[in-house]
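A note on names: the letters A, B, ... follow the listed sequences, proteins ahead of strands, and every chain is numbered from 1.
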Amino acid sequence: MLKIRDLHSWPSTESEAVAIQQRLRPLVRVETPTATPRTAAGLDVAYRDGDALVAVVTVLDIATLAVLDSVVLRSTTTFPYVPGLFAFREAPALLRALERLTVLPDVLLCDGQGLAHPRRFGLACHLGVLTELPSIGVGKTPMGPFDAPEDVRGAWTPLALDNDVVGRALRTQAGVKPVFVSVGHRYDLDAACALVLRLAPRYRLPETTRTADHLGRIN
DNA sequence: GCGACAG
DNA sequence: ATCTTGTCGC
């Protein structure tokens with residue numbers, strides 16, 4: 001159902017990984033989404049003892065937050081955790097999980113950064129470019145400094161890296177830390193923040209990531 | 001050279 | 001990410 005573009009093989013060294021990011025970075029497209037999305041996917045990976053991991057993808061109906069589909073895939077670690085090269089650790093398993101989806105989502109919400117990345121090619125960009133699906137990065141920790149948005153749901157401040165605005169620190173609830181939203185592929189920052197707010201009516205993180213995280217813990 | 005650094 | 005007690009709040 002979902003086609004994964006064969007743009008590169010999975011590297012085993014950091015320098016190869018960086019070269020792939022630099023080669024794929026120009027393929028990212030920032031654009032206003034054509035239509036209002038009806039479904040959104042949450043992607044997450046849980047780690048187990050040793051090199052075992054569990055990749056989870058859930059598809060929710062944005063209007064009702066009902067879970068329409070979910071895939072839980074057990075796999076194993078292929079690349080160490082290196083800040084800036086996160087996709088090479090999590091994307092292989094997440095892509096295999098995405099291929100097993102029955103309901104194709106209108107947009108991907110990734111657990112990590114998109115353009116808010118040192119080379120402007122975080123996990124959300126990587127998954128977006130390889131699937132050609134619109135994608136958004138929702139991180140719990142920023143990769144750079146930021147000014148705290150006011151403590152009101154919906155408040156935000158720009159996230160800058162070097163001299164570019166690469167994302168936003170977005171307050172999804174008063175009294176909790178903001179989340180860090182950036183474009184992954186085929187989306188824009190305003191629409192991304194609006195969607196994250198709709199998906200997080202009650203908690204800090206969007207329901208998509210919460211359900212995916214939950215499934216990863218119990219499986 | 002040293003520290004910082006998505007999950 | 002994961003390892004973990006108690007505590008505050010709905």
Side-chain angles (χ1 to χ4, degrees), chain A residues 10 14-15 17-18 20-22 24-25 28 41-58 72-95 97-98 108-130 135-146 151 153 158-162 164-170 172-185 189 192 196 200-206 208-219:
Chain A
W10 295 99
E14 296 187 17
S15 58
V18 169
I20 289 168
Q21 291 182 326
Q22 291 171 333
L24 300 192
R25 177 173 85 174
V28 171
L43 296 80
D44 189 39
V45 173
Y47 294 89
R48 290 290 183 277
D49 297 302
D51 58 355
L53 60 80
V54 184
V56 183
V57 180
T58 57
V72 176
L73 185 146
R74 287 178 166 288
S75 186
T76 197
T77 293
T78 302
F79 201 90
Y81 169 66
V82 179
L85 300 179
F86 190 43
F88 296 92
R89 183 171 175 77
E90 299 207 336
L94 288 173
L95 289 166
L98 282 167
L108 268 26
L109 270 84
C110 307
D111 197 358
Q113 319 295 334
L115 291 173
H117 173 278
R119 287 171 292 281
R120 310 295 183 269
F121 199 73
L123 175 66
C125 299
H126 209 130
L127 291 173
V129 165
L130 260 42
S135 67
I136 297 169
V138 184
K140 295 183 283 292
T141 308
M143 291 194 88
F146 69 99
D151 196 19
R153 171 175 153 86
L159 255 183
L161 231 40
D162 302 316
D164 317 322
V165 172
V166 294
R168 287 178 190 167
L170 175 67
T172 52
Q173 301 293 328
V176 300
K177 295 186 301 180
V179 295
F180 304 90
V181 180
S182 57
V183 170
H185 188 51
L189 200 44
V196 169
R202 166 124 201 198
Y203 299 104
R204 179 192 178 217
L205 297 175
T208 40
T209 23
R210 295 187 81 245
T211 57
D213 182 83
H214 182 245
L215 285 176
R217 289 178 192 283
I218 64 177
N219 281 289

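- When heavy atoms are screened at a 4.0 angstrom cut-off, A:Gly84 is found touching base atoms of the nucleic acid.
- Each of A:Asp111 and A:Arg202 has a nearest nucleotide on DNA chain C; the 5'-most of these lies closest to A:Asp111.
- Looking at the side chain of A:Gln21, the nearest of the listed nucleotides B:dA6, B:dG7, C:dT2 is B:dA6.
- Heavy atoms of A:Tyr47 sit under 4.0 angstrom from primed sugar atoms or phosphate atoms, though from no base atom.
- In this structure, CG in A:Asn219 is found 8.0 Å from CZ in A:Arg48, a value given to the nearest 0.5 Å.
- A:Asp162 places its CG atom 20 Å from the P atom of B:dA4, with the value rounded to the nearest Å.
- The phosphate of B:dA6 (OP1 or OP2) has a side-chain N or O of A:Tyr81 nearer than 4.0 angstrom.
- Separating the CZ atom of A:Phe146 from the C1' atom of B:dA6 is a distance of 14 Å, rounded to the nearest angstrom.
- We find that CG of A:Leu205 is positioned 13 Å from C1' of B:dG7, with the value rounded to whole Å.
- With rounding to whole Å, A:Asp44 atom CG is found 12 Å from B:dA6 atom C1'.
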Result block: side-chain N/O donor-acceptor pairs under 3.5 angstrom for residues 78-87 of chain A, not counting sequence neighbours:
none

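- Across B:dG7, B:dA6, C:dT2, the shortest atom-to-atom separation from the side chain of A:Arg48 is found for C:dT2.
- In this entry the distance linking CZ of A:Arg89 with P of C:dT2 reads 11 Å, nearest Å.
- Across A:Val196, A:Val181, A:Leu43, A:Leu205, a single residue satisfies side-chain contact (heavy atoms from CB on, under 4.5 Å) together with A:Leu109, and that is A:Val196.
- In this entry the distance linking CG of A:Leu161 with C1' of B:dA6 reads 11 Å, nearest Å.
- Following rounding to the nearest Å, A:Leu85 (CG) and B:dG7 (P) show an atom-to-atom distance of 15 Å.
- Contact of the A:Arg120 side chain with the A:Val28 side chain is not registered, since no non-hydrogen atoms from C-beta on lie closer than 4.5 Å.
- Counting any heavy atom pair closer than 4.0 Å across all strands shown, A:Leu123 reaches a base atom.
- Backbone-only contact: A:Pro142 has heavy atoms under 4.0 Å from sugar-phosphate atoms and none from a base.
- For the pair A:Arg74 and A:Val54, the minimum side-chain heavy-atom distance is below 4.5 Å.
- Residue A:Leu94 is out of contact with every strand shown, counting any heavy-atom pair closer than 4.0 Å.
- Residue contacts for A:Ala46: at a heavy-atom cut-off of 4.0 Å it reaches the sugar-phosphate backbone alone, with no base atom in range.
- Between A:His117 atom NE2 and B:dC5 atom C1' there is a gap of 11 Å when expressed in whole angstrom units.
- For B:dG7, the OP1/OP2 oxygens have a side-chain nitrogen or oxygen of A:Thr141 closer than 4.0 Å.
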